[in-house]
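The model shown is predicted, which means the values in this text are computed figures rather than measured ones. The chains referred to below are lettered A, B, ... by the order of the sequence lines, with proteins before strands, and numbering in each begins at 1.
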Amino acid sequence: MTHAEIFAVVRRIPAGRVATYGQVAALAGHPGHARQVGYALSALHADSPIPWHRVVNAQGAISARTTDSGGALVQRIRLEQEGIAFRGGRVPLKQYRWSPDEHAVRRPTRRTAR
DNA sequence: CATTTGACATCTT
DNA sequence: TAAGATGCCAAAT
């Protein structure tokens, strides 16, 4: 697995939707290797052509990087600009989580979460 | 060539 | 529900 493979998957994430690290790893063909996804993204530049801002952790939150370049804030801003509403500093994955089969259904779970 | 570091996820306490 | 520990791979030094 290489960073390139991960980037390829991240590119497939449509605007207004988000994917988790684990999900991206799985789609890249490496389930269970969510960390590598984050590490790969860390190598990206803020203005990279990759929509890295659409990748969040399993909790729907933006992972804090060691070297806080304010990127975390930028990420949140970009997501909000794409129509994603944050809830308690988190993205309601039930509602925005992207799936390669998104044409199927977007989990119409009537659960109001917690 | 070996060691260290780095955007996470999942299980257990 | 929250916090701590463990597994994993690639790139940089």
Side-chain angles (χ1 to χ4, degrees):
Chain A
M1 78 174 322
T2 68
H3 286 176
E5 296 181 302
I6 295 168
F7 299 154
V9 175
V10 176
R11 278 198 195 98
R12 295 170 53 192
I13 303 174
R17 287 285 184 306
V18 297
T20 65
Y21 292 93
Q23 189 179 354
V24 173
L27 291 174
H30 302 282
H33 295 173
R35 300 184 79 181
Q36 275 52 274
V37 176
Y39 300 156
L41 294 179
S42 67
L44 288 174
H45 195 255
D47 60 326
S48 179
I50 311 299
W52 54 271
H53 57 276
R54 292 179 194 147
V55 182
V56 297
N57 62 34
Q59 300 166 12
I62 296 174
S63 300
R65 61 204 72 52
T66 53
T67 59
D68 183 284
S69 307
L73 279 303
V74 176
Q75 178 168 10
R76 174 167 176 165
I77 301 301
R78 290 192 184 184
L79 290 177
E80 293 182 319
Q81 292 184 336
E82 293 186 351
I84 295 175
F86 278 68
R87 178 104 92 83
R90 254 141 263 206
V91 178
L93 296 177
K94 306 197 304 207
Q95 189 175 107
Y96 297 105
R97 195 179 359 157
W98 169 67
S99 86
D101 303 304
E102 64 121 83
H103 59 77
V105 66
R106 61 196 46 157
R107 308 188 67 61
T109 55
R110 65 285 201 304
R111 294 275 315 109
T112 345
R114 135 64 151 268

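The closest side-chain heavy-atom distance from A:Q75 to A:R65 is below 4.5 Å. Between A:R12 and A:P100, some side-chain heavy-atom pair lies under the 4.5 Å cut-off.
Looking at residues two or more places apart in sequence or on another chain, you find no side-chain hydrogen bond (donor to acceptor under 3.5 Å, both in side chains) involving A:Q59. In this structure A:E80 satisfies the side chain to side chain contact (heavy atoms under 4.5 Å, CB included) test together with A:R76, A:I77, A:F86, sequence neighbours excluded. Not counting sequence neighbours, the partners of A:Y39 by the side-chain hydrogen bond (donor to acceptor under 3.5 Å, both in side chains) test are A:R35.
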Find every protein N or O atom lying less than 3.5 Å from an N or O atom of nucleotides 6-9 of chain C, and list the pairs.
| unit_1 | atom_1 | unit_2 | atom_2 | d |
| --- | --- | --- | --- | --- |
| C:dG7 | O6 | A:R35 | NH1 | 3.0 |
| C:dG7 | N1 | A:R35 | NH1 | 3.3 |
| C:dC8 | O3' | A:H33 | NE2 | 3.4 |
| C:dC8 | O2 | A:R35 | NH1 | 3.1 |
| C:dC8 | N3 | A:R35 | NH1 | 2.6 |
| C:dC9 | O4' | A:Q36 | NE2 | 2.6 |
| C:dC9 | O2 | A:Q36 | OE1 | 2.9 |

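Applying the salt bridge (Lys or Arg N to Asp or Glu O under 4.0 Å) test to residues at least two apart or on different chains, the pairs with a partner in residues 39-60 of chain A are A:R54-A:E82.
A parallel orientation is assigned to the rings of A:H30 and A:H33, their planes being inclined by less than 30° (bins at 30° and 60°).
A:Q36 contributes no side-chain N or O that, together with a main-chain N or O of A:I6, makes up a donor-acceptor pair within less than 3.5 Å.
Protein chain A contacts DNA chain B over a range whose 5' and 3' limits, counting nucleotides with an atom under 4.0 angstrom from a non-hydrogen atom, are B:dG6 to B:dA9.
A:H3 comes within 4.0 angstrom of the backbone, heavy atoms only, and of no base.
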